[in-house]
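Below you'll find the structure, written out as structure tokens, and then a few comments.
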Amino acid sequence: MIIQNIVLPKKEICVEEELYFRRGIPVIFPEEEGLVFGRGQTIGFDTYMNSFSLRKWVEYTGLRNLSLCLKLKGSFVITLLQYFPPAKKESAKRGAEKSGCAELGTFTAESESEKDFVFPYITEEKNGLLAFRITSKKENGVLYGGYYQTEPLPFQMRDIKIAIGICTFKREPYVRNNMKNLEAAVLENERSPLKDKLEVFISDNAGTLTEEDFGSKKIHLFRNKNTGGSGGFTRAMIEVNRANEAGAGFTHILLMDDDVIFDPESIYRTFAVLSLANEKYKDAFVGGAMFRTDKQYLQYASGEIWQGEKGYDCIVTFNHNLDLREVKNIVKNEELVPANYQGWWYCAIPMSICRLDNLSMPFFIKMDDIEYSIRNMKRLILLNGINTWHEAFESKYSISNEYYTFRNTLITSSIYIGLTLKEIRKYLRKNILYYLSNYKYKEAELICEAVEDFCKGVDYLKKLDIQAKHQQVMKNGYKLTDITEIPIKGIETIYKKSPELNKPLKGWKKLYHELTLNGLLLPSSKVVALDMLGGAHSQTYRAKYIVRYEPITKKGFVLERSFGKFCRCWRLYRRANAKLTRRYEKAKNDFRDRYGELIGIEFWQTKI
């Protein structure tokens, strides 16, 4: 069975060559017929996309044998590489070390030919990363492709069929391009092993797509009310269940965001590892890493853990901002991490779990994937080469996020953590002081509203008009404007002169800034400052105006210091705090005991 194909860069997906292969003379794309070698040229495949995750495949499947098949023309020397992570007692600075190489042999062919190379384990320890490199002995040798394969016993194979569930809202270019690539690679490709093992279910919350946008009958489109990501993904879950009731036979649903780019090979690798999953991982979720679209080599996340008991800083992201062009970082990605949730930018879930009585919580956006994973996910499979490229979160700021994140965090914490009133009040106070000290008065108002809505309990969510609520939350949001239209000059210059922007304050300066609410209790000492996602208070201290500037999109908006708005928000905070004091225990118990009323088909069919 082929378990992983050798893949090359594609213009419409990813052009970062060193994610795929390494050679001395860089080019943007491989030649159309394949990779063409010069005499003596060596190309290495110890890369994120084309190395083999030995440790994880053994863990997830009990892999017993492995071979490499290459499609070549010319005269080559094939060399095996194996990398191990540093020993625990060694310094992390040493990174991955090449612990062994093996020459698999010489291959010569005048025309395109396939050659299998048995992939022996270099040591008894089945650990680390396997890869290979090719050296051409003559001019104009060509590598056309290849794959890793194994010979499983018949009883080790599982019959897998995947339904992709996509929730979209006005992201037509992304959806059309992804479906075009998927049609060509899988859905309408007679040679693809996935041709009859994959279909797509699109929940269109905006109603802006039509059946004519797609060429394959295996792409199913459903118009949905604008019930956010949770409602859109739930619609996909419902439709896949209905398809199974009619005999479709889907074993998994793969939830994917609408603003991602993915290589169909990621889906094949998901299919392969699920087909061979051992008893321990037969009900596991499969997660895809998130990479950035603006820096395609940079991994934003590969595995995350929600620690609700920690309140404000409750999310830990593993392998954050790793440059996956570097071998040491690819090896680091091989570590098994204690993730307890997987984001729905790429998350495959068994249909035995995704039932009509076990759907998403009606969160609209934010925390729906976390809550669903905590409720259902026992284990998570993560592999190099299963990923999507996603828009940077900095360029997707929306004020509504503050309301939904705070409200839904309170609900999720109530069900699974049961934080005390003292802990919740501390969590609220920390957020309010942060927003007020950075002139984010609208955000402060929204989290106070989130607290009051949480205190209303389950019945409030059951009766809530989800669309109307979202419109109300959004109506007082900020309007992102091109920096040339913002009536403050020199924003980019200020940005370039702010090297300390993301460095946190320490010692007495940090304490002084906190005691004066970032200078809010003192007169203004400068006219304008910049504040970006994660920006340190040192940049906004005692400023009259703060520009929320996003350098990727070169857009932003202006926040103005206002004592009157500060006082209004403080009154709202005291009211919300008082309601928490009176109603928190009742609301917490209500969500813990009755959340099942919000996740079944009986509830959702009235909303979508």
Side-chain angles (χ1 to χ4, degrees), residues 160-169 171 175 178-179 197-207 209 218-258 260 267 270-271 274 283-288 341-378 380 388 408 411-412 415 461-462 466-467 595-608:
I160 301 298
K161 187 176 182 181
I162 298 174
I164 297 178
I166 297 174
C167 168
T168 184
F169 184 83
R171 295 282 187 170
V175 176
N178 282 331
M179 292 305 100
K197 298 291 186 179
L198 186 72
E199 295 185 30
V200 184
F201 293 74
I202 300 174
S203 176
D204 184 6
N205 282 7
L209 292 168
K218 294 181 179 179
I219 300 175
H220 312 286
L221 180 65
F222 303 92
R223 290 201 170 190
N224 200 52
K225 294 179 182 178
N226 184 22
T227 49
S230 58
F233 283 123
T234 294
R235 179 65 184 275
M237 293 176 180
I238 291 171
E239 296 300 338
V240 176
N241 271 281
R242 287 173 176 168
N244 274 355
E245 289 173 355
F250 293 108
T251 61
H252 291 77
I253 182 170
L254 171 55
L255 302 182
M256 298 180 69
D257 278 342
D258 61 344
V260 300
I267 300 172
T270 300
F271 170 82
L274 287 172
D283 296 321
F285 288 23
V286 178
Y341 82 90
Q342 172 61 31
W344 285 354
W345 56 80
Y346 191 106
C347 181
I349 303 170
M351 290 303 298
S352 59
I353 291 172
C354 184
R355 306 180 309 272
L356 292 178
D357 63 346
N358 193 35
L359 303 171
S360 173
M361 287 283 280
F363 281 172
F364 196 88
I365 55 172
K366 298 299 179 183
M367 293 294 297
D368 45 359
D369 48 4
I370 295 177
E371 188 279 332
Y372 196 85
S373 294
I374 294 169
R375 184 180 357 138
N376 294 295
M377 190 179 80
K378 296 178 181 179
L380 177 63
T388 64
N408 299 340
I411 294 172
T412 305
I415 298 171
L461 274 188
K462 290 179 71 173
I466 298 175
Q467 294 184 92
Y595 77 89
E597 298 175 27
L598 300 170
I599 61 174
I601 184 64
E602 295 81 7
F603 167 78
W604 271 109
Q605 64 188 0
T606 66
K607 299 295 182 180
I608 59 176

Run the side chain to side chain contact (heavy atoms under 4.5 Å, CB included) test on Asp257 and Thr388 for me, step by step, so that the C-alpha distance in whole Å, both residues' side-chain angles and the decisive distance to 0.1 Å come before the verdict. CA-CA 9 Å; Asp257 278 342; Thr388 64; over 6 Å; no

- Taking the side chain as every heavy atom from C-beta outward, state whether Glu239 and His220 have any atom pair closer than 4.5 Å. no

Residue set satisfying side-chain contact (heavy atoms from CB on, under 4.5 Å) with Ala206, at least two apart, ordered chain then number -> Phe169, Lys170, Asp204, Thr208

When rounded to the nearest 0.5 Å, the distance separating CG of Leu198 from CZ of Phe250 is 8.0 Å

Value for CZ (Phe363) from CD1 (Ile411), rounded to nearest 0.5 Å, stands at 4.5 Å

Separation between CZ (Arg355) and CG (Asn376), nearest 0.5 Å, reads 7.5 Å

Could you please spell out the steps behind the side chain to side chain contact (heavy atoms under 4.5 Å, CB included) verdict for Val286 and Phe271?
CA-CA 10 Å; Val286 178; Phe271 170 82; over 6 Å; no

Is it the case that the side chain of Asn244 and the backbone of Gly249 share a donor-acceptor pair, with hydrogens and angles ignored and the cut-off at 3.5 Å? yes

- So do the side chains of Trp344 and Asp368 get within less than 4.5 Å of each other, counting heavy atoms only? yes

Next item on the list: Take Leu254 and His252, measure what side chain to side chain contact (heavy atoms under 4.5 Å, CB included) needs, and give me the verdict at the end.
Entry: CA-CA 6 Å; Leu254 171 55; His252 291 77; over 6 Å; no

Does the side chain of Met351 come within less than 4.5 Å of Asn241's, by heavy atoms?
-> yes

Heavy-atom nearest pair, Asn224 first then Gly231, reads ND2-O, 3.6 Å

Taking Lys366's backbone N and O only, do any of them form a donor-acceptor pair with Asn408's side chain (distance below 3.5 Å, no angle check)? yes

Scanning both residues in full, the closest heavy-atom pair of Cys354 with Ile253 reads SG-CG2, 4.0 Å

Exercise. Given Tyr372 and Ser230, is the side chain to side chain contact (heavy atoms under 4.5 Å, CB included) satisfied, shown in steps?
Worked result: CA-CA 10 Å; Tyr372 196 85; Ser230 58; over 6 Å; no

Residues at least two apart in sequence or cross-chain that pass side-chain contact (heavy atoms from CB on, under 4.5 Å) with Ile238, listed by chain then number, are Thr234, Arg242, Leu356, Leu359, Ile601, Trp604, Ile608

Heavy-atom side-chain proximity of Ile166 to Met179 below 4.5 angstrom:
yes

When every non-hydrogen atom of Thr227 is compared with those of Gly232, the smallest separation belongs to OG1-N, 3.8 Å

Side-chain (Thr606) to main-chain (Phe603) donor-acceptor, under 3.5 angstrom: yes

Value for OH (Tyr341) from CD1 (Ile374), rounded to nearest 0.5 Å, stands at 9.0 Å

With a 4.5 Å cut-off on side-chain heavy atoms, are Phe364 and Asn226 touching?
yes

To the nearest 0.5 Å, atom CG of Leu461 lies from atom CD of Glu597 at 11.0 Å

State whether the side chain of Thr251 and the backbone N or O of Ile160 hold a donor-acceptor pair below 3.5 Å, judged by distance alone. no

dist Phe201:CZ -> Lys218:NZ (nearest 0.5 Å) comes out at 11.5 Å

| request: Please examine the side chains of Leu255 and Met237, heavy atoms only from C-beta on, and report whether any two atoms are closer than 4.5 Å. | output: yes

message: Checking side-chain polar atoms at under 3.5 Å, does Arg375 have a donor or acceptor matched by the opposite partner on Asn358?
response: yes

- Would you say Leu598 and Lys462 make side-chain contact, with heavy atoms under 4.5 Å? yes

Strictly distance-based, threshold 3.5 Å: is any side-chain N or O of Lys161 a donor or acceptor partner for the main-chain N or O of Ala248?
yes

Note: Cys167 and Gly228 closest approach over all heavy atoms is SG-O, 3.8 Å

Heavy-atom side-chain proximity of Met361 to Ile415 below 4.5 angstrom:
yes

